[in-house]
2 protein chains.
Amino acid sequence: MPVNIYDVAKKAGVSVVTVSRVLNNSPKVRANNRQKVLTAIADLDYQPNAVAQSLARGSTGMVGLILPTVFDPFMAQVLASVEGALRDKGMFLVTSFAADDLQFGKANSVRLFRENRVDGILILSPLKNDALFLELKKNNFPFVLLDQHHSHIQASSVTVDNYYGGYQATNSLITAGAKRIGHIFGSGVYESTAERLNGYKQALLDHNIAVDEALLAPGDFTIYSGYKITKEWIIRGILPQAIFAADDNTAFGVIDAARKFRIAVPEKLAIIGYDDHPFASLLHPALSTVRQPTEELGRQGVELLSSLISGKIKRTTTIILKPEIVLRESTLSINNC
Amino acid sequence: MPVNIYDVAKKAGVSVVTVSRVLNNSPKVRANNRQKVLTAIADLDYQPNAVAQSLARGSTGMVGLILPTVFDPFMAQVLASVEGALRDKGMFLVTSFAADDLQFGKANSVRLFRENRVDGILILSPLKNDALFLELKKNNFPFVLLDQHHSHIQASSVTVDNYYGGYQATNSLITAGAKRIGHIFGSGVYESTAERLNGYKQALLDHNIAVDEALLAPGDFTIYSGYKITKEWIIRGILPQAIFAADDNTAFGVIDAARKFRIAVPEKLAIIGYDDHPFASLLHPALSTVRQPTEELGRQGVELLSSLISGKIKRTTTIILKPEIVLRESTLSINNC
DNA sequence: AGACAAAATTAAAGCGCTTAAATTATGGAG
DNA sequence: CTCCATAATTTAAGCGCTTTAATTTTGTCT
């Protein structure tokens with residue numbers, strides 16, 4: 001029932017090689033033969049079998065993306081842009097969720113490359129364990145880290161400058177007139193967390209503001225963590241004039257706590273988040289934030305990975321993108337008294 | 001460099017068939033031979049090539065999911081549950097975005113099955129054009145429709161009872177004391193839109209409330225559409241006592257408009273949405289909604305599709321799941337005067 | 001110890017394509 | 001009209017595995 005390349009060859013009266021050449025539009029096919037093959041293909045409604053092509057060619061035209069979750073808008077945006085970039089190249093995306101190394105190792109994520117199901121992989125999940133890198137490198141398997149880089153290991157990556165983002169975010173709060181500025185940082189498994197924190201600290205230092213450890217608190221990228229920490233600061237009477245939140249979710253929680261305790265935003269509390277969540281601009285007040293170039297992140301990741309796969313690029317390459325500060329109502333000049 | 005099944009066979013001192021048998025744990029391998037093979041596999045760090053297996057077996061162990069977007073939490077949840085279900089089966093997910101038929105046809109989504117890259121596909125994107133069904137059916141290619149069914153065409157599907165959801169949502173507004181109840185429905189390309197509308201109408205009729213066409217307005221599942229329509233109703237002085245919104249995004253817009261015009265929710269305007277968006281419970285007031293069994297939808301879809309692939313199920317099968325009403329603050333008894 | 005059925009193993013073929021090497025066709029120069 | 005270089009085509013091999021059919025081994029029974 002399923003028609004293969006031999007059926008086409010027979011119908012066209014040529015060899016399968018000629019059919020294959022037409023399929024891969026090789027120039028060395030005479031016009032009349034090409035036409036005969038094309039006609040036969042159309043008549044038989046033939047479609048080459050990608051699995052057989054993959055085996056013969058040694059590449060599948062598929063790329064794996066490993067990400068921790070898709071509920072986070074940042075992740076979703078990167079996923080969408082990766083898919084779009086691959087689609088433009090005629091390639092396919094195999095999506096695999098792995099929150100951490102353990103899952104990554106155990107799960108079938110690792111099978112993606114061990115079994116040669118994909119030509120390369122993009123890793124958006126945070127990996128603290130080197131084992132996987134080492135295996136990937138040992139097998140010389142093309143991969144690109146997204147939104148993370150590991151200085152102690154040679155690996156190609158596309159990242160967004162989190163230090164810069166943290167610095168600028170903090171800076172915007174200083175510009176708004178705040179002196180006491182708190183930071184609720186995110187989960188420690190992400191590299192971005194420490195980098196944003198460093199940016200925050202440097203911005204303070206550059207403006208002769210001492211870093212106050214009491215105004216540093218660990219969140220986990222959830223609304224609840226932002227709410228809880230802000231509430232605690234309020235109750236303990238140490239609420240700063242402004243808060244730089246690890247991400248917009250955290251910032252939403254901060255805003256919620258402020259509302260609950262009737263603290264005016266931004267007059268009494270300026271807030272800036274991170275990621276430009278779709279809802280950030282819809283809040284009252286609209287949330288200032290740091291927008292990450294997610295589309296660019298995905299596209300560049302795919303571009304870099306394909307270069308690695310095709311061998312156009314041999315050595316590890318690092319691309320660093322810049323985030324963009326988006327100032328809205330929550331960081332308008334604060335009432336500094 | 002890459003080690004194949006022949007290397008293992010040679011090292012173990014057996015034929016490749018025996019190695020293959022061990023790989024697929026066939027019982028007809030003597031214990032000592034199995035052990036020799038296992039040792040060789042471990043020594044050589046051998047991993048079977050999935051592409052070659054796919055070609056020989058005629059199946060890839062991959063499934064395609066076609067969805068319109070991943071920014072909608074409903075879509076994201078289904079995507080995640082599909083991936084989880086496939087992972088549990090040791091299968092892989094190829095994700096392909098296609099907002100509509102046109103994209104579906106043009107894009108590489110269609111290549112997924114035309115080129116035999118996957119064993120079956122799950123379709124979450126709305127398809128109004130029959131051409132694709134017909135092609136899938138003609139090729140006898142396994143597929144399952146998610147969240148849609150096409151009565152005029154024989155196709156297996158897993159859906160959520162939208163009529164029921166619309167009915168119950170409306171009912172909850174009636175129970176809250178509303179007589180004049182508006183409905184902002186969603187995009188017409190989704191079957192769910194008409195079904196929810198029918199449920200809405202029937203609920204009204206069952207309570208002797210006439211359907212008022214002026215209180216029916218077309219939205220598009222966005223916050224803005226909910227905002228705009230509500231605002232218009234307010235300005236025209238025909239704001240109903242309650243609104244059943246096509247989805248939670250629309251409902252968010254309704255709430256926003258009510259806030260802007262200082263209309264108390266739920267005292268003067270009761271609201272219910274659809275989908276149980278992660279933010280629904282975090283709003284002030286918390287949004288009542290209709291929760292769809294997304295996890296179940298994805299799991300059952302995968303289950304049904306695998307049965308179709310394996311041939312365990314031959315004829316088209318339809319599974320209908322029930323949504324669940326989640327009552328929160330936005331539908332508390334309204335002040336009916 | 002020999003015969004025989006059952007179980008295990010292997011040889012051979014095939015999955016559908018690509019690619020290198022060998023062969024044949026083409027057309028311009030002499 | 002023949003020869004030869006070049007382009008086009010085909011033959012053959014191979015990608016790494018599974019599966020059917022043929023062969024060998026095993027162990028039981030007489």
Side-chain angles (χ1 to χ4, degrees), chain A residues 1-38 40-41 44-62 90 111 113-119 139 310, chain B residues 1-38 40-41 44-62 90 111 113-119 139 310:
Chain A
M1 181 63 196
V3 32
N4 64 21
I5 201 171
Y6 286 91
D7 300 324
V8 175
K10 191 191 296 176
K11 174 130 191 168
V14 298
S15 77
V16 295
V17 177
T18 301
V19 177
S20 175
R21 291 230 174 81
V22 171
L23 250 31
N24 299 286
N25 40 48
S26 152
K28 44 176 72 174
V29 177
R30 253 189 290 269
N32 65 325
N33 273 340
R34 163 163 286 121
Q35 195 48 57
K36 279 196 283 182
V37 169
L38 254 23
I41 286 176
L44 296 173
D45 195 23
Y46 167 74
Q47 201 75 17
N49 181 315
V51 176
Q53 287 183 319
S54 299
L55 182 59
R57 290 175 179 162
S59 76
T60 62
M62 300 197 155
R111 288 178 47 202
F113 68 94
R114 293 271 286 163
E115 299 177 358
N116 280 288
R117 291 181 176 274
V118 295
D119 297 336
N139 293 54
S310 68
Chain B
M1 181 63 195
V3 31
N4 64 20
I5 200 171
Y6 286 91
D7 301 324
V8 175
K10 191 191 297 178
K11 174 130 191 169
V14 297
S15 76
V16 295
V17 179
T18 300
V19 177
S20 175
R21 292 231 172 80
V22 171
L23 250 31
N24 299 285
N25 39 47
S26 150
K28 45 178 71 175
V29 176
R30 252 188 291 270
N32 65 325
N33 273 341
R34 162 162 287 123
Q35 194 48 56
K36 278 195 286 184
V37 170
L38 255 21
I41 287 176
L44 296 173
D45 196 22
Y46 167 74
Q47 201 76 16
N49 181 316
V51 176
Q53 287 183 319
S54 299
L55 183 60
R57 289 174 179 163
S59 77
T60 62
M62 300 197 155
R111 288 178 47 203
F113 68 95
R114 294 271 287 163
E115 299 177 359
N116 280 289
R117 290 180 176 275
V118 295
D119 297 337
N139 293 56
S310 68

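Throughout, a chain's letter reflects where its sequence line sits, starting with A, and its residues are numbered from 1.
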B:Lys11 side chain reached by B:Leu44 side chain, heavy atoms, under 4.5 Å:
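Yes - at least one pair of side-chain heavy atoms lies under 4.5 Å apart.
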Just wondering, do B:Val51 and A:Val51 contact through their side chains at under 4.5 Å, heavy atoms?
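They are in side-chain contact.
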Nearest-Å distance for atom pair [atom1]/[atom2], residues [X] and [N]:
X	N	atom1	atom2	answer
B:Leu55	C:dG14	CG	P	14 Å
A:Lys28	D:dA7	NZ	P	9 Å
A:Arg117	D:dC17	CZ	C1'	13 Å
A:Ile5	C:dC17	CD1	C1'	6 Å
B:Asn49	D:dG16	CG	C1'	6 Å
B:Asn25	D:dT18	CG	C1'	14 Å
A:Glu115	D:dC17	CD	P	11 Å
B:Leu23	D:dC17	CG	P	8 Å

Please determine if a side-chain N or O atom of [X] lies less than 4.0 Å away from the OP1 or OP2 oxygen of [N].
X	N	answer
B:Ser20	D:dT18	yes
B:Asn24	D:dT18	yes
A:Arg57	C:dT18	yes
B:Tyr6	C:dT10	no
A:Thr18	D:dT10	yes
B:Gln53	D:dG16	no

Rounded to the nearest 0.5 Å, what separates atom CG in A:Asn49 from atom CG in A:Leu55?
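If I round to the nearest 0.5 Å, the distance is 10.0 Å.
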Could you check whether A:Val14 gets within reach of a base, just the sugar-phosphate, or nothing at all, counting any heavy atom under 4.0 Å?
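Sugar-phosphate only.
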Could you check A:Val19 against A:Arg30 and say which one's nearest nucleotide on DNA chain C is further toward the 5' end?
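The answer here is A:Val19.
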Apply the side chain to side chain contact (heavy atoms under 4.5 Å, CB included) test between A:Val14 and each candidate in A:Val29, A:Val19, A:Val8, A:Val22; give the one that qualifies.
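Of A:Val29, A:Val19, A:Val8, A:Val22, side chain to side chain contact (heavy atoms under 4.5 Å, CB included) with A:Val14 is met by A:Val19 alone.
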Could you tell me whether B:Arg114 and A:Asp45 have a side-chain N and a carboxylate O separated by less than 4.0 Å?
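Yes.
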Taking only the side-chain heavy atoms of A:Arg21 (C-beta and beyond), determine which of D:dC17, D:dG16, C:dA20 contains the nearest atom.
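My answer, after comparing the listed nucleotides, is C:dA20.
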